[in-house]
**Student:** 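The structure's right below; bear with me while I get my questions together.
None of these values were measured; they are calculated from a predicted model. Order of the sequence lines fixes the chain letters, A, B, ..., with proteins taken first and strands second; residue numbering starts at 1 for each chain.
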Amino acid sequence: METQTITEVKEWIKAAAVEDFPENGGAAVLINGEQIAVFNFTNEGRWYATQNQCPHKGEMAISRGLTGDSEGHPKVACPFHKRTFSLEDGKCLTDEQYQLKTYPVKVENGFVFIGIE
Amino acid sequence: MKKRIVLIGNGMTGYKFCEKFVASSLVHEYELLVFGEEPHPAYDRVHLTSYYTGTVPEELLLAPAGWYAEHGIELRTHERITSIDRNSKTIISEKNLSYSYDILILSTGSSAFVPPIEGVEKKGVFVYRTFDDIDKIKAYIPNAKKAAVIGGGLLGLEAAKAVLDDGLPTSIIEFAPRLMPRQLDPQGAEILKSKLEEFNLEVMLNKSTKCIMGNGSVQGLEFNDGSKLDTDLLVISAGIRPRDELAKQAGLEVHPRGGIVVNSKMETADPGIFAIGECVVVHNMVWGLVAPCYEMAEVLVQNLQGDSKEFLGFDLSSKLKLIGTDVASFGDALVEDKNIKTIVYENKARGIYKRLNLTADGKYLLGGILVGEAEEYNMLKQVVNNKMVLPENPEDFILGARGGEGAAGISVGDLPDAASICSCENISKGQIMQAIEQDGAEALPLIKKCTKAGTGCGGCVPMLDDLLTHYMKSQGREVRKTICEHFNYTRQELYDLIKVNEIKTFNDLLATYGKGSGCELCKPLTASLLASIWNDVIVKHDTIQDTNDRFLANIQQRGVYSVVPRIPGGEITPDKLIVIGQVAKKYDLYTKITGGQRIDLFGARVDQLPNIWEELIDAGFESGHAYGKALRTVKSCVGSTWCRFGMDDSVSFAIEVENRYKGLRSPHKLKGGVSGCVRECAEARGKDFGIIATDKGWNLFVCGNGGANPRHADLLASDLDKETCVRYLDRFLMFYIKTAGPLTRTSKWLSELEGGLGYLKDVIVKDSLGIGEKLEQEMKELISHYQCEWTTVVRNEEMRKKFRHFVNSDQIDENIKYVPMRGQKMPAKV
């Protein structure tokens, strides 16, 4: 079985309060000058984070995409041209050549933290 | 070492041979070397006209260029073979290279037949056969003002429509006394002629061309009867001529009228040489349709494998859509014999002609003709081919059943298993039923994949659908187009579930009727349904909207948005124009007039949207819903108040209608138009609904659109007073909203609506379902809930907060950059 490489988290950075993020949807945060898309799967009680830039045309738009799942695996569709990406490993599900960087997320004391290498 | 088959010709038949070859045992014994003289690998010549109208060559290829190598076939395109040496078993190409063969197959196809008319060599004279021919016509069109096509057969009519659509007045010249003389009888041809004339095609019959006039390039035609015709572009489409020149050079027998002579096993007199396709004469004729040519490829592959198979002739029935008119002929269509009986139905007003030829005892169908309406074609062809005994009232086939099951009481269930359903791929009903029943191919794409049926001309697809539906019904099941993996329901079912159970959120719908987390298909669909049913403010459901609806603006390059205030009917006061100018200036927005008679402001950051809208709303503007699958605009011409031709006040009516339906959420975007007279300056017939003034009232047209597949709207009702016109519109729009599939424009909806325009007229105008009043009531209810959603947002602090780029910072997105252009700005490339 393929195992996912977990990058070592050097630092957890506080992004924003839980209520700043929409339920069952995404929003962008700015962390150390980097745009990161954070997704709140409220129904499932899970969070995901990826780069905000879509690798297809370079638009900063992934956070505005529609979230959902494909056979139980969480995904997001870029609003520009509807390429979909796995939120588990960032792989593009509709076009192999594209890949999103993913980040670990944790929630503590009502705040969302993003893990940076 | 493997032996070598050389195939000369990479047309449709040649390709079919390759396809059958790789699936046969021949691959173990032979290598295959294929030559094509055109630069492109084999393409779908049947749909050549779609290349004319803009389909890229790659989409018409029968297999991608890489397919051949992947299957061990060497394909050499752009290399014509010039001679065959049967003694040394070699061929020589135009590049002076020679290749040896063990088996040689000629699939050289045919070329356009050009009659020896004086002047055919002039500039501006073309044939219509290959990509290259079409490129040449296209390049010449800008020089031309008027076109003519010699040949009123199938291909000639297609060519005529293509140049007509490029804006040239076009004449069709036919030698025979009627159009399509091989397929149609005089009455059917006359109906087709009047249809073509409606499209402004001039049809000239009984004309034989004496010479092509002009000094160097074509300027006109002179006919044998002394008459003349001005034209500066001429397409000759007078039939095909088999390409037999190679065979002739090699000393093989060719038919006096052209064509390589082969027997029913596709053998020539040389045991090492075979021929298939349009280049051959077998059973004393050339077979100029794709299906029999495919059959020849199959016969040859079988025989080369050592089986014994013969080409026994083929059903030449055909159905096609010519210039929007269905034309079909099947079986013995033109038989003129005193011993047969015919049933004829003709409706000149609607442009319909149908003819059935029966045996003298009335028991069997021999063939027939359908013009203008040909839905019965597939079934009638089956009745002929399977020699099925006719029911008591065979006229029901062409008149429609009057209170019975299926037309005339014969349905797909009655067909024998041996019935050939897909003639391109020669697939029988039995094979299709096996795929459905045993291989679980319970959807059209699966049937196509499993059996290849329906992958050729596509003509049998409706029958595949019928077979599947028939099977599902027999199992007590039904075929449904469900939304996605999260909802096992159709759009219409979800519409009813939401309405009956008063569901107000996606989460409730998902919890009650769905599974998983949803996706980019079911979320916006549900958002659209909730809006169509409750007309609630969509921002409350922002995370299930497509991004345009989420931020109430259209996303553009670099993730900025555009702002389009509503300008009903395109009428605006100078003061309001000034406000738009001031707002654009203040926020440095790029401005452009849209096709829908309003003004688009581009380049707003998401955080600027509420401020911009606040200023517009304070000046009296409302959302234009340019971002929504909703009513966009109702375009108008200037109408009778100012225009000297105007029959009625189109601007006032357009404003009234736009204000009535503004913000109405629907399965796809909706556009309307109102013209003050038949000159149609508002282009209302290019809209989902169009209203055109007459001297007696208003004509209402429905289901048109522009875009990639333009379609003129059809007349729903004529000479209406305003009130009735609006009532029909209410019914029409509500009926569409309730029954259309997701993201289906009205034109597509109508084309898929069982019963078509006739049925739609019955429901809307005659109220045949008795739902007219209910539809009007539902529309009234929806309209009463309208609110400008931007007004709601700018007056609500919580909602305004949703419009920001980062939730943890007020910084703006540094990715947004502009460069100057003509005194305004445009987004810089990423």
**Student:** So what's closer than 4.5 Å to chain A heavy atoms on B:Asn507: side chain, backbone, both or neither?
**Tutor:** side chain
**Student:** Should the pair B:Lys825 and B:Tyr818 be classed as cation-pi, given the thresholds of under 6.0 Å to the six-membered ring centre and 45° from the axis?
**Tutor:** yes
**Student:** Can you confirm if the aromatic rings of B:Trp613 and B:Tyr587 lie within a centre distance of less than 6.0 Å?
**Tutor:** no
**Student:** Which atoms of A:Asn24 are under 4.5 Å from chain B, going by heavy atoms: the side chain, the backbone, both sets, or neither?
**Tutor:**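 Both parts, heavy atoms under 4.5 Å.
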**Student:** Given the ring of B:Trp534, does B:Lys504 sit roughly above its face, with NZ or CZ under 6.0 Å from the centre of the six-membered ring and within 45° of the axis?
**Tutor:**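 Here B:Lys504 passes the 6.0 Å and 45° test against B:Trp534.
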**Student:** Report the option among A:Gly25, A:Ala61, A:Ser63, A:Ser70 that has the most heavy-atom pairs separated by less than 4.5 Å from atoms of chain B.
**Tutor:** A:Ser70
**Student:** Sort A:Thr42 into side chain, backbone, both or neither according to what part of it lies under 4.5 angstrom from a heavy atom of chain B.
**Tutor:** neither
**Student:** Side chain, backbone, both or neither: which part of B:Arg558 has a heavy atom under 4.5 Å from chain A?
**Tutor:**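 Both backbone and side chain.
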**Student:** Tell me which of these, A:Ala28, A:Ala77, A:Gly68, has more heavy-atom pairs under 4.5 Å with chain B than the rest.
**Tutor:**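 Winner by heavy-atom pair count: A:Ala28.
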**Student:** Can you say whether B:Gln556 sits under 4.5 Å from chain A via the side chain, the backbone, both, or neither, judging by heavy atoms?
**Tutor:**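 Only the backbone of B:Gln556 comes within 4.5 Å of chain A.
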**Student:** Parallel, tilted or perpendicular: which fits the ring planes of B:Phe551 and B:Tyr561, with parallel below 30° and perpendicular above 60°?
**Tutor:** tilted
**Student:** Counting heavy-atom pairs closer than 4.5 Å to chain A, which one of B:His805, B:Lys523, B:Lys515 comes out on top?
**Tutor:**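 That would be B:His805.
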**Student:** Is it the case that the side chain of B:Asn796 and the backbone of B:Glu798 share a donor-acceptor pair, with hydrogens and angles ignored and the cut-off at 3.5 Å?
**Tutor:**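 Yes: the side chain of B:Asn796 pairs with the backbone of B:Glu798.
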**Student:** Counting heavy-atom pairs closer than 4.5 Å to chain B, which one of A:Val38, A:Asp69, A:Leu66 comes out on top?
**Tutor:** A:Asp69
**Student:** Below 4.5 Å from any heavy atom of chain B, which atoms of A:Glu23 appear? Answer side chain, backbone, both or neither.
**Tutor:** backbone
**Student:** Check this for me: A:Arg46, atom CZ, are more than 12 non-hydrogen atoms of other residues, nucleotides or ligands nearer than 6.0 Å?
**Tutor:**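 No, not enclosed.
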**Student:** Quick one: what part of A:Lys14 sits under 4.5 Å from any heavy atom of chain B, side chain, backbone, both or neither?
**Tutor:**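 Neither; nothing under 4.5 Å.
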**Student:** Counting only N and O atoms by type, is there a donor-acceptor contact under 3.5 Å from the side chain of A:Arg64 to the main-chain atoms of B:Gly559?
**Tutor:** yes
**Student:** Indicate the atoms forming the closest heavy-atom contact of A:Phe21 with A:Ala27, along with that distance.
**Tutor:** CD2-CB, 3.8 Å
**Student:** Sort out for me which of A:Pro79, A:Gly33, A:Pro74 touches chain B most, counting heavy-atom pairs under 4.5 Å.
**Tutor:**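 Result: the option with the highest number of such pairs is A:Pro79.
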**Student:** Does the ring centre of A:Phe41 sit less than 6.0 Å away from the ring centre of A:Tyr48?
**Tutor:** yes
**Student:** Between B:Glu520 and chain A, with a heavy-atom cut-off of 4.5 Å, which part of the residue counts as in contact: side chain, backbone, both or neither?
**Tutor:** both
